[in-house]
Every structure is written in structure tokens, then in C-alpha cells.
Q: 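I have a structure I would like to understand better, so I am pasting it below and will then ask my questions one at a time.
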Amino acid sequence: MKGIILVGGFGTRLRPLTTNTPKPVIPIVNKPFLVYQIELLKMYGVNEIILATGHLSNTIKKILGTGESFGVKIIYSLENQPLGTGGAVKLASRHLDGQGAFILNGDVLTDINLDKLYNFHKEKKAQVTISLVPVADPTKFGLVETNENNQVRAFVEKPGPNEITTNMINAGAYYFENEVFDMIPSGVNYSLERGLYPMLLEKKIPFYAYNSNDYWLDIGTPKKYLEANKDVLEDKVNIPALIDMKKSGSVFIGDHAQISKKVRMLSMAAVGEKTIVQPGATITDHSVVGNHCIIEEGAQILGSIILDNSFIGKNSKIVNTIIGQNCKVMPYTFIEGGLLKVIGDGAYIPEYSII
Ligand code: GDD
Ligand code: MG
């Protein structure tokens, strides 16, 4: 079985974290986000994965490589200019050898049961099956109306406040029969949501919706990104992506991390590979520290994420904050995120700063 993951978006709402790192490889509990999707597809027998890339594609390639280390084959489909979700699927479909495929939006953390979706799809004799989840505010998503037989009746991408007829939205996981790829135009910017789906309805092509009760989160904003890390720590996402970190109680520890005996790690925390945590430091309240970081003595990390290769100086206190990669937070600094603060990659924060 084959699958396509759409990973060519700009991730604008996660800036500055996504200025140099594409959203699909931003780490969630120290694993590039796409690893969760790769592991999900693998769980359901999809071992050839086509990544539909554009923006920052080389960075994605550098991090994921051929897929061998995950036990799958990754093929890169590269757009010279953004082709939209539909155009990207069309270009990637050249690698499918005439088969149908699963398609995933590359920014959704989910443990959706793809066997159930596929069986539903075959049972309904659908051409396209789309997964649905309920949300409180559908205006940021694709609203999907269905009939009592789960057939899609209407698809409204980013509905206005007075177009809300249901709280069920497109969860961004689909199965397409092979014939569907022929219905998408080549070489032009084309949207699945605004082009293909309305067209399927107009032409009365069998288009069905599978209601998913599984874990689902769009990781598009800093708040959702923090939530995703928290939910993975709490084991709410049923994907075995963290298997290579050691778990002891409510704490995850990466290989070769050096954690001093006098460190307090409480109420869920993770520390990545080769990270050094010095005596008297505290890492708590669902905090995640990345790989190759240094947390100096007495530093306190509360409800925060520190990405790879960052340094947190002695007696600093970081609360409710996301700190990007390669940052230097010098000693005696206090960063209190309030609702949530994001510090971009490579920042230098001098001693005694209060932010
Ligand atoms: N290759 C490629 N090329 N990928 C793209 C392009 C493109 O031109 N444009 C977007 N993508 C990828 C993004 O990287 C993302 O993984 C996925 O397609 C969806 O695009 P977003 O820009 O994140 O769309 P959205 O979040 O506003 O809405 C979509 O997702 C919702 C669920 O989270 C839609 O599919 C909605 O209908 C859906 O409800
Ligand atoms: Mg999105």
C-alpha cells in the first residue's frame, strides 16, 4: 500500500519556529512531527510514502532521508512552485503505479484507524473517502455536510460564520481510488478543498465521509503545538513513535542524556539525546527539552519546550515558553510566557533579562 503526505505549506502561523524549519519536521517530544505520520501509515501496512514537498524541501530530505531508518521507503515529489493541495497530489500520484492511496495533510497529529477508514471506503464503493472530526469552530477548516448514509452532501472550505450547518470538519486524511487522480488537472495550482471536492459533488461521483473518534489535533499554532507535546507525553496518541526514549514514571529520557542526581523532573517531562542537565535544575509541568541542550544548575523549566542545541544558563526561569533551536539564554534570566511566548531559532538573551 502507498500513501501521500502533503508537506509543502509555509506554516506561517507557527513562525518564528517555522522560518527555517518546515512545520512537518518541527519536533514533537523530540521526534520530527512527520515521524508520527510515517509510523501511523506503517502501522496500517503503508510502507511506501510519497512526500509532496515544495517550500524547504531539502531540510525535510536531510532529516528523513530515504526512510530506511523508519522501515519505509520515502519518495520525494518536488514542486518548483506551490501547486496547492490538489496540484501536489496530482504530481505525487505519478509514483503510485496506478494504485489508489491514502493521503494525509502533513500537519495533523492523529492516530486515526486507517483500516477502518479503508474498509468503510470499500464497503461504500466510494471513489473518495474523507475522514471527519467534530470541532468547536469550523470556520478555520473544511466544513462537511453528510446524509444519513454518510455520503458527502456539501463541502465548504473555511465557511463564514453564517454558513455553519454542522460541527463536522475535514480531518485531512483521505483514501482516493486511482481513477480520481485523472480528475485533477496537471501542472497548475489546484485545491482539493475548493476544486476537486465540489467537482465530485457536482458530478455525483461516490464521495463518502468516515467519522473518526480517534485522537486528532491540527498543530498549526504555538498553542496547539504545545498541546500536541503535552498529549504525546500523556500517551494520548496511540502511535509508537517514542519507543526509543526510556520512560521512567512520568519522565522520558533520550540516549546518552546526562542528568545529575539532584535534578527535579516532575509531572511529565522529557529530555532529549545527549542533553546535559546540571544539579539543582527543575524540569516540570509537561516540559520538553530537546537533543544536545545544556540546562545549567538551578535553572527552572516549567510548562515549556526547549528545542535542540539550546543553552539555558544558571538559575534562569522559563515559564510557558517555546524556545527555538540554537538559542542561548544566559544566566539569571526570567522568561514568563503569560498565555504563551515563542522565541525564534538562534536567539541570544543576555544575563539578567526579564521578558
Ligand atoms: N505540496 C504541497 N503544495 N503541500 C501543500 C500546499 C502546496 O501547494 N499547500 C498546502 N499544503 C499542505 C500543507 O503543508 C498541509 O500539510 C496541508 O497541505 C493542508 O494545508 P494547510 O495550509 O495546513 O490547510 P488548512 O489547515 O488551512 O486546511 C486544511 O486542513 C484542515 C484540517 O486541518 C484543509 O484540508 C481543511 O479542509 C481541513 O479541515
Ligand atoms: Mg493546516
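Counting starts at 1 for both ligands and their atoms, in listed order. These values consider heavy atoms only, across backbone and side chains, with no hydrogens, waters or symmetry-generated copies.
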Q: Kindly say whether T139 contributes a backbone atom to a donor-acceptor pair with the side chain of E163 at under 3.5 angstrom?
A: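 Answer holds: no.
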Q: Take every heavy atom of H55, measure it against each atom of ligand 1, and state whether any distance is under 4.0 Å.
A: no
Q: Which residue from K158, E193, K140 reaches closest to atom 25 (P) of ligand 1 through any of its heavy atoms?
A: K158
Q: Looking at P82, which atoms of ligand 1 are within less than 4.0 Å of one of its heavy atoms?
A: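 What qualifies from ligand 1 is 8 (O).
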Q: Taking a cutoff of less than 4.0 Å between a non-hydrogen atom of the residue and any ligand atom, is G172 in contact with ligand 1?
A: no
Q: Starting from atom 4 (N) of ligand 1, which protein heavy atom do you reach first, and at what distance in Å?
A: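 Answer for atom 4 (N) of ligand 1: G8 N, 3.0 Å.
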Q: How far is atom 29 (C) of ligand 1 from its nearest protein heavy atom, and which residue and atom is that?
A: N105 ND2, 3.6 Å
Q: Identify the two heavy atoms, one from I60 and one from Y76, that lie closest to each other, and give their separation to 0.1 Å.
A: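 I60 and Y76 have their closest heavy atoms at O-OH, 4.0 Å.
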Q: Could you tell me which N, O or S atom of D107 is nearest to the Mg ion (ligand 2)?
A: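 For D107, the N/O/S atom sitting closest to the Mg ion (ligand 2) is OD2.
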Q: Return the closest protein heavy atom for atom 39 (O) of ligand 1 as residue, atom name and distance.
A: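 Going atom by atom, the protein heavy atom closest to atom 39 (O) of ligand 1 ends up being N170 O, 2.7 Å.
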Q: Hey, does Y174 sit under 4.0 Å from ligand 1 if you only count heavy atoms?
A: yes
Q: Heavy-atom distances under 4.0 Å decide this one: backbone, side chain, both or neither, for N189 against ligand 1?
A: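 Neither part.
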Q: To which protein heavy atom is atom 26 (O) of ligand 1 closest, and what is the distance rounded to 0.1 Å?
A: D218 OD2, 3.7 Å
Q: Taking the inter-plane angle between the rings of Y197 and F155 on a 0 to 90° scale, is it parallel (under 30°), tilted (30 to 60°) or perpendicular (over 60°)?
A: tilted
Q: Find all atoms of ligand 1 within a distance of less than 4.0 Å from any non-hydrogen atom belonging to G106, and give their numbers and elements.
A: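 Those qualifying, in numeric order: 16 (O).
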Q: Polar contacts were defined as any N/O atom of the residue lying under 3.5 Å from an N/O atom of the ligand; does this apply to G84 and ligand 1?
A: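 There is such a contact, yes.
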Q: Counting heavy atoms only, name the option from E79, E157, R194 that's nearest to atom 37 (O) of ligand 1.
A: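 Result: the heavy atom closest to atom 37 (O) of ligand 1 is in E157.
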Q: As a test of understanding, state which of N150, I169, T146 forms a side-chain contact (heavy atoms from CB on, under 4.5 Å) with L132.
A: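 By the side-chain contact (heavy atoms from CB on, under 4.5 Å) criterion, L132 pairs with just one of N150, I169, T146: T146.
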Q: Specify the protein heavy atom at minimum distance from atom 21 (P) of ligand 1: its residue, its atom name, and the distance to 0.1 Å.
A: D107 OD2, 4.3 Å
Q: What residue and heavy atom of the protein are closest to atom 11 (N) of ligand 1, and at what distance?
A: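 For atom 11 (N) of ligand 1, the nearest protein heavy atom is G9 N, 3.7 Å.
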Q: What protein heavy atom is closest to atom 20 (O) of ligand 1, reported as residue, atom name and distance in Å?
A: T85 CG2, 4.4 Å
